[in-house]
Amino acid sequence: MPTYNPKVIEPRWQRFWEERKTFRTPDLSAKAKYYILDMFPYPSGAGLHVGHPEGYTATDILARYRRMRGFNVLHPMGWDAFGLPAEQYAIQTGTHPRQTTQANINEFRRQIRMLGFSYDWDREVDTTDPHYFKWTQWIFLVLFDTWYDHEQKCGRPIAELPIPAAIESQGSLAVQKYQDGKRLAYQAEVPVNWCPELGTVLANEEVIDGKSERGGHPVVRMPLRQWLLRITDYAERLLDDLTLVDWPESIKKMQRDWIGKSEGAEVDFALRPDRSMADVKLSPDLQPVAFNKPIRVFTTRPDTLFGATYMVLAPEHPLVKTITTPLKREEVEAYVVQAARKSDLERTELAKKKTGVFTGAYAINPVNQEATPIWIADYVLASYGTGAIMAVPAHDERDFEFAQQYRLPIRPVVLPPADWLAKSRVCEIVQKVGDGTYPGNETLAEFEATVVSQAARVWTQAGGDRVRITERLYRMHCELFADCFVEEGIAFNSGSFDGLTTAEFKTKITDWLEEKNNGQKKINFKLRDWLFSRQRYWGEPFPILHEIDETGKPTGAIRALSIEELPLILPELEDYKPSGKPEPPLGKASAWVRVTRDGKRYLRETNTMPQWAGSCWYYLRYLDAKNDKTFCDPGKEKTWMPVDLYVGGAEHAVLHLLYSRFWHKVLFDRGYVHFPEPFKRLVNQGMILGEMEYTTYTRQGAWISLPEVERSGTEGLEAVKLTEDQVEKKGDAIVLKENPAIRIDARAHKMSKARGNVINPDHVVDEYGADSLRLYEMFMGPLEATKPWSMRGVEGVYRFLNRVWRLVIDERAEEMRLLDTIEDVKPDRETERLLHHTIKRVTDDLESMSFNTAIAAMMEFTNHLTRQAVRPRSVLRTFVLLLSPFAPHLAEELWRSFENSETLAFEAWPTYDEALLKADQIEVPVQINGKLRGKLQVRADIDPAALEKAALADEKIKALLEGKTVRKVIVVPGKLVNIVVA
RNA sequence: GCCGAAGUGGCGGAAUGGCAGACGCGCCGGACUCAAAAUCCGGUCCAGGCAACUGGGUGUGGGUUCAAGUCCCACCUUCGGCACCA
């Protein structure tokens, strides 16, 4: 019985494609190129997850579709295989990460192949393969060999870096150090979260309350020598070139925000020497301070300089120690220590209330020579700008909050526009006072009383105009306004600058500062240089040597390996256990670490690269995956780049995509790639959640309704899972059927092992086949949306595929053969019209990546065909081609049953005839005042005048129009008639 | 707190400003069967009515328009991202 059996036909076609290399992509082709790329997976031990095939299916459908449209399609797959889990497994079991990784890759490859994707497997890459990471190391050397020329806005070879004469004269070591300081890959001491217990450095988000997220071990912040990449040099271009790519606006915005460009000025505040000097004299143990060194602040609002009432330094600011007066020393030091103990997260997220300490020192505001008290507070970050700010509490939320906390003066210098003033609570009170509707004094709060009495004083001066009264109150008592005004306005209290708009003021004051040598224009970025080294084993080793002297001490000189020495392969280790010291495990490979070159002794760099490294450039290696001479042949690069469509999860919106773009730009500057951006178009697939879950809670067997659970938490409650038919919808709440007073929680959750709601693709394929899995993943909803899984939905598309099968194949026959109802006849008018309509819908939907509606269109057409007694062969042939990108195994099987060709993969995509799309007769709705009142059967080509006449002549409409005046008739040809009556 | 996306039947979701709910799931009824499964046919937004039909309906409240799920304003909820960046 030739029933639809995916278990038989799917492996058969997969074998066919593999053996014939159906999807091998030629590098040379007369066809137009199309590079369609998936974000390659990290092959975890858990195996494929149904989230992976979502994007892979979408790209595969498009790849197959493009091939049929005559494109030379590049569609590759590979493995992002370095990573921590394999290493942790090695620590526990002693199994080499390579083994674990290989096993995981094999499993992932098996699972991906079982889904019938049309990848060119000859191009497979694996980031842990020395043939691959040789070139990752090589790109690192390119970064190492590049400095950024800010004048030409271009990365250039280090040999072209101009060396100042003063350096030159100090000899070659000085020159080398100067160059090292300019390279895109450089070393620096940076504070990291070190967890001795786990023997590793942790990312900020892995540290909670100063303890490791896993295990709760103490974490210390300590400076460590690290490799960094100077991505900040490229900040401006990473920002600007976003205009060159077709990405979702939301992702572009996230990247822009991450880069965080802000324009403003740096301003120097001189220290006031007087009182502190006196203090210094009083305590002989203290060294006198260099008071000629000013405090430099960064501000985006130099126009508010006259409103600066205090200054704040970050606790880590280098001047804190020197400026603090002896009287304040103890308090300040305690605060600094306390701040240092807090992790970055604690300092931001948890610190709702601002804290700070006065240093006792004052600085001089350059615009008005006012003495300004200097505080330290951890709401100012050492890592941004200059680590110091001028505080303008009247026009900055944070300063406003801090000033209120410590009762510091608030001086307004920017007058808000009238509408802002009019919306304020103060204006409301003024209004009431004016209207005489304000209640008696006894009910007034202190603030209201102040407003009322102050308003009275300026009432006549302002001519009774309420907004002007409010304005006067703002000038005198801006602290009465609950909201701090942070937008642009007109300057006042600002000496000769009064009356200027914010924009004018900024330009003028910046010029003035520059003239007086007190500051200059400055652009700052939030983006930090990229911390590129990890103290791990399972990563790419750095191709770098550190020179040591006779005593074994580093001289500070570093040397890059030559390309002939690449790849630098990881040494074998006995054990991968952490040493308890912040030293990378590679340090244990003593024979590997010690190297002699040209009579000099070196130690190898023992840090390894982060997981991002391999994924930063894999899309280039696919173009020339087996080349041992270069990372990618320039001709091939020119042929294929940029990537036409890149599909992957939104979790990579910032880091991966930003890092890749950065590397690509460096390669571009150095002439290795021809286009400044790697990914022309980007689409993010949404997350797939687990099946819908209905949960209620009980306490000692008694149901607890959801609102109560939300109020008091789940402490002491027992969660009970319910089935779909135990619950029902009541209003907009889901309640328990047996007790509708109990509201329950109904939602789909993220799939996770812990929750036990993970769907395994193997099981789905085993039960329904790969075509059903593919089709269901696409039918669930829009690609970009987050959507819950439903096994019943899989069954639905499985039934559809069965229906398609039975449309063609005679299930009652002994052999595979076509149904007798399939004949070589011309389709009837309606079938032909529907076929062309379906071709149009599927084609349009593929172009817009609306896979769900394309499938719906094919289902509709199938439903039509099922009802037909005779099925023209030509129609089925075309339909199978339409279906083939979605359900390729089934389509190939059916294709073979009525065509001689071996595969349909390169058949021409069906086209439609516009003329055949139109029906002869159409139904046109007739509305009266926008309400549907009747329907008209008319010829499709009816002209508007005739349509209007027909509508007015309709019996039903005529009856409804009885005694009414027709004001207007709107006729939308072929669409509707709307009669407007009085 | 800020930014972004989204709120449509019992569920997933469709609808260039023009008939809301395509398609699928589920459910109800029927055919086939000794029976069941599978399959096929019909029905299925809500309320009223035997029915033809009538009224209401796209998170809430306003507005624009001959016409609003769609456009504008305000708000509510959910999800995702960011987190004192001066």
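Residue numbers begin at 1 in each chain, while the letters A, B, ... track the order of the sequences.
The shortest distance between the side-chain N/O atoms of A:Arg799 and the OP1/OP2 oxygens of B:G26 is below 4.0 Å. The shortest distance between the side-chain N/O atoms of A:Arg747 and the OP1/OP2 oxygens of B:C79 is below 4.0 Å. Residue A:Arg841 has no polar side-chain atom (N or O) positioned under 4.0 Å from OP1 or OP2 of B:A22. Considering only side-chain N and O atoms, A:Asn863 lies under 4.0 angstrom from the phosphate OP1 or OP2 of B:G24. In terms of phosphate contacts, A:Tyr379 brings no side-chain nitrogen or oxygen within less than 4.0 Å of OP1 or OP2 of B:A86. Side-chain nitrogen and oxygen atoms of A:Arg967 include none within less than 4.0 Å of the OP1 or OP2 phosphate oxygen of B:A67. Not one side-chain nitrogen or oxygen of A:Lys253 sits closer than 4.0 Å to the OP1 or OP2 atom of B:G80.
Closest to the side chain of A:Pro925, from the set B:A86, B:C19, B:C41, is B:C19. Of the listed nucleotides (B:G18, B:A86, B:C84), B:G18 has the atom at the smallest distance from the side chain of A:Ile970. Of all nucleotides listed (B:U39, B:A86, B:A22), B:U39 comes nearest to the side chain of A:Arg806. Candidate nucleotides B:C23, B:A67, B:C25 were compared by shortest atom distance to the side chain of A:Asn978, and B:A67 ranks first. Of all nucleotides listed (B:A86, B:C41, B:C23), B:C23 comes nearest to the side chain of A:Glu860.
Checked for salt-bridge contact, A:Arg256 and A:Glu249 meet the test: a charged N lies under 4.0 Å from a carboxylate O. A salt bridge is defined here as a Lys NZ or Arg NE, NH1 or NH2 lying under 4.0 Å from an Asp or Glu carboxylate O, and A:Arg747 with A:Glu693 fails to meet this definition.
When both distances must be under 3.5 Å, the Watson-Crick or G-U wobble mate of B:C66 is B:G18. If you check B:U33 for Watson-Crick or wobble pairing at under 3.5 angstrom, you find it has no partner at all. When both distances must be under 3.5 Å, the Watson-Crick or G-U wobble mate of B:G61 is B:C73. Taking a pair to require two hydrogen-bonding distances under 3.5 Å in either a Watson-Crick or a G-U wobble arrangement, B:A51 remains unpaired. Both distances falling under 3.5 Å, in either a Watson-Crick or a G-U wobble arrangement, place B:G42 opposite B:C28. B:A5 is paired with B:U78 under the Watson-Crick or G-U wobble criterion, all donor-acceptor distances under 3.5 Å.
Toward the 5' end of RNA chain B, the nearer of the two residues A:Asn524 and A:Lys968, judged by each one's closest nucleotide, is A:Lys968. Across the interface with RNA chain B, nearest-nucleotide mapping of A:Ala856 and A:Leu932 shows A:Leu932 to be the residue nearer the 5′ end.
When rounded to the nearest whole Å, the span between CG of A:Asn929 and P of B:U65 equals 15 Å. The nearest whole Å value for the distance from the CD atom in A:Glu487 to the P atom in B:C2 is 13 Å.
In terms of heavy atoms, A:Ala394 sits closest to A:Arg411 at CB-O, 3.3 Å. In terms of heavy-atom proximity, A:Met39 sits nearest to A:Gly648 at SD-CA, 3.5 Å. Minimum heavy-atom separation, A:Leu961 to A:Ile979: CD2-CG2, 4.1 Å.
Atoms NZ and OG1, from A:Lys506 and A:Thr300 in turn, are 6.0 Å apart once rounded to the nearest 0.5 Å.
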- Task: Any chance you could lay out the salt bridge (Lys or Arg N to Asp or Glu O under 4.0 Å) test for A:Glu914 and A:Lys840, step after step, and finish with the verdict?
- Result: CA-CA 9 Å; A:Glu914 200 77 48; A:Lys840 180 178 162 52; 5.0 Å; no

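Glycosidic conformation of B:G29: anti, with the torsion beyond 90° of 0.
Residue contacts shown for A:Lys935 include a base, since a base heavy atom lies under 4.0 Å away.
Cation-pi geometry between A:Lys354 and A:Tyr379 is satisfied (NZ or CZ under 6.0 Å from the ring centre, within 45° of the ring normal).
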- Task: Scan nucleotides 6-16 of chain B nucleotide by nucleotide, 5' to 3', and note B when protein non-hydrogen atoms come under 4.0 Å of the base, S if they reach only the sugar-phosphate, - if neither.
- Result: ----SSBSS-B

